[in-house]
K.L.:
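Sharing a structure with you now.
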2 protein chains.
Amino acid sequence: MAAQSGTVERILDTAEVLFAEKGFAETSLRAITSKAGVNLAAVNYHFGSKEALIQAIFERFLAPFCAELGASMAQLAADGETPDLERLLRMMSRTALGAHGSSPERLALFFRLSGLAYTQAQGHLRRFIREQYGDVFNRFLTLLAKAVPDVPPLELFWRVHFGLGATVFAMSSMDSLRALCKSDFDTELSAADVTQRLLPFIVGGIRA
Amino acid sequence: MAAQSGTVERILDTAEVLFAEKGFAETSLRAITSKAGVNLAAVNYHFGSKEALIQAIFERFLAPFCAELGASMAQLAADGETPDLERLLRMMSRTALGAHGSSPERLALFFRLSGLAYTQAQGHLRRFIREQYGDVFNRFLTLLAKAVPDVPPLELFWRVHFGLGATVFAMSSMDSLRALCKSDFDTELSAADVTQRLLPFIVGGIRA
DNA sequence: AAACGTTTCAAACATATGTTTGCAAGGCAT
DNA sequence: ATGCCTTGCAAACATATGTTTGAAACGTTT
């Protein structure tokens, strides 16, 4: 098998960038294939449909991330450490970063795609993600609950999602916010900088 | 002029709901006009284009909101009150609610549209919104800065946007989060409930 | 009632999109 | 080399979309 000129990877690489830039519906297969330098029919041949391509992109993102996060949580349990909120979030952040070649830009891209998945395309993607990787997320949530025993579970549920929202939004509009920051404050911040500022905000919000 | 069978309003009402549900690109003019019970050509006749329709929707949302927010800030300044963070946010929330017929659902719809504006359609809408209503937002920001003098302006800038992100995201996925909350905790929360929980989170995050 | 501007309508238009098809090219076993 | 399966390709297909058009319907003014 596998002539391996790398068609599949080239499609995935190109598509995830274009989708993140313009959105799913706004990005045509022709735009993807032409920029990737492959034939138009290649997408339908290798993935079956545009929807399946989108799912494949998320799978490529989420599979290594969830694997690493699971491993991190397992090791944390093995060490018998008392989970601390800030430490947990930092672990999550480090894992997310590590799973994608330690590139903050790529991490931002992932969050931007996640944001799109939550706003657009109500249907298939959200179901796919929850069914596929929902349990890892839930395990992390129960870990969080142990870290903040004074916050009732229901309250925690909402605050975690508020924090997730802050993250997704910040990453989604990272570029324009950084531009705005530069024009308003003459300060150029990196993606890593923003992430560092995000963490205390979430911790403060969850602790309230 | 004005035969006034309410075609324009019916288009706006229908379009804002459909856009919020499915996104801009995913909602066709035919879907809008058929559900609104008007002719397909009516959109292009009354608004000129689909883009102009989208802008008109945001204008209808933002114009009364910014007017009321401006008035509230003016009165606050006239009273000479010391601005308090929680009070300010509550004022903002109350104003936003009041500007749209005191319907939490409609407010959620507005935030969902805002979220879409920030993720999709990078171009025309964001420019339009910032040029049209940016100054009111900036005035509110300087008010906030006075309320939290211990937080440096740059830090505040980012935390406010984190809070905005949490809000937008929460409102955007309000329905699915409420469903998830019901299935996980057997607790049914109203949109107003969620908003009430959101406020302490943001306050905590900004104060950090 | 006649003339005018505004609004509505069905139909057509041009185009962009996801998908399918039929065949050629390439690698790998027998 | 022959046969076979996988991959690549250009072209066509079917359809959905935003937009335009020309005439009919309506209300107002003269």
Side-chain angles (χ1 to χ4, degrees), chain A residues 1-60 113 116-117 120-125 128, chain B residues 1-60 113 116-117 120-125 128:
Chain A
M1 47 192 91
Q4 268 325 40
S5 59
T7 306
V8 171
E9 279 74 21
R10 217 158 37 201
I11 290 176
L12 285 171
D13 290 341
T14 310
E16 84 182 13
V17 172
L18 288 183
F19 281 146
E21 275 176 4
K22 300 208 172 195
F24 298 119
E26 292 85 351
T27 305
S28 68
L29 291 187
R30 281 171 176 82
I32 296 171
T33 51
S34 75
K35 185 169 186 186
V38 304
N39 188 272
L40 167 62
V43 170
N44 286 279
Y45 175 75
H46 286 287
F47 298 94
S49 67
K50 188 182 183 181
E51 264 200 11
L53 168 62
I54 296 175
Q55 290 190 355
I57 289 176
F58 274 84
E59 203 169 1
R60 193 171 68 146
L113 287 175
L116 288 177
Q120 313 184 252
Q122 310 174 312
H124 70 109
L125 241 184
F128 172 76
Chain B
M1 49 194 90
Q4 269 319 41
S5 61
T7 306
V8 172
E9 279 74 20
R10 216 156 39 199
I11 291 176
L12 286 171
D13 290 341
T14 311
E16 84 182 13
V17 171
L18 288 183
F19 281 146
E21 275 176 5
K22 300 207 173 195
F24 298 120
E26 293 85 350
T27 305
S28 69
L29 292 186
R30 282 170 176 81
I32 295 170
T33 51
S34 75
K35 185 168 183 185
V38 304
N39 188 271
L40 167 63
V43 170
N44 285 280
Y45 175 76
H46 286 286
F47 298 94
S49 68
K50 188 182 182 181
E51 265 199 9
L53 167 63
I54 296 175
Q55 290 191 355
I57 289 176
F58 273 84
E59 202 169 2
R60 193 171 67 147
L113 287 175
L116 289 176
Q120 312 185 254
Q122 309 174 312
H124 70 107
L125 241 183
F128 171 76

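First the proteins, then the strands, lettered A, B, ... as listed; each starts at 1. We use all heavy atoms of the structure for the numbers below, so side chains are in, but hydrogens, waters and symmetry mates are not.
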K.L.:
5'-most contact on DNA chain D: A/His46 or A/Leu40, nearest heavy atom basis?
P.N.:
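Going by which nucleotide is closer to the 5' end, it is A/His46.
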K.L.:
How close do B/Phe19 and B/Leu116 get, counting heavy atoms only, and between which atoms?
P.N.:
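In this case the closest contact between B/Phe19 and B/Leu116 is O-CD1, 3.3 Å.
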K.L.:
Of all the heavy-atom pairs spanning B/Thr14 and B/Ala36, show the shortest one and how long it is.
P.N.:
OG1-CB, 3.3 Å
K.L.:
What is the distance from CD of B/Glu51 to P of D/dT17, rounded to the nearest Å?
P.N.:
18 Å
K.L.:
Select base, sugar-phosphate, or nothing to describe what B/Thr27 touches, counting heavy atoms under 4.0 Å on all strands.
P.N.:
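B/Thr27: backbone/sugar contact only, no base atoms under 4.0 Å.
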K.L.:
Tell me: CD1 of B/Ile32 to C1' of D/dA16, nearest whole Å?
P.N.:
14 Å
K.L.:
Please determine if a side-chain N or O atom of A/Thr7 lies less than 4.0 Å away from the OP1 or OP2 oxygen of D/dG8.
P.N.:
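For D/dG8, OP1 or OP2 has a side-chain N or O of A/Thr7 closer than 4.0 Å.
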K.L.:
Rounded to the Å, how far apart are B/Arg30 CZ and D/dG18 P?
P.N.:
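Roughly 7 Å, once rounded to whole Å.
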K.L.:
Taking atom P of C/dT8 as reference, at what distance in whole Å does atom CD1 of B/Ile11 sit?
P.N.:
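In whole Å, C/dT8 P lies 8 Å from B/Ile11 CD1.
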K.L.:
In whole Å, I'd like the distance from the CG atom of B/Asn44 to the C1' atom of C/dC13.
P.N.:
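Atom CG in B/Asn44 sits about 13 Å away from atom C1' in C/dC13.
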K.L.:
Find the distance A/Tyr45:OH to C/dC23:C1' and express it as a whole number of Å.
P.N.:
14 Å
K.L.:
Are the charged groups of A/Arg60 and A/Asp13 less than 4.0 angstrom apart, N to O?
P.N.:
yes
K.L.:
Find the distance A/Asn39:CG to C/dT20:C1' and express it as a whole number of Å.
P.N.:
12 Å
K.L.:
Could you check how far CZ of A/Phe47 sits from P of C/dG18, rounded to whole Å?
P.N.:
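After rounding, the gap between these two atoms is 15 Å.
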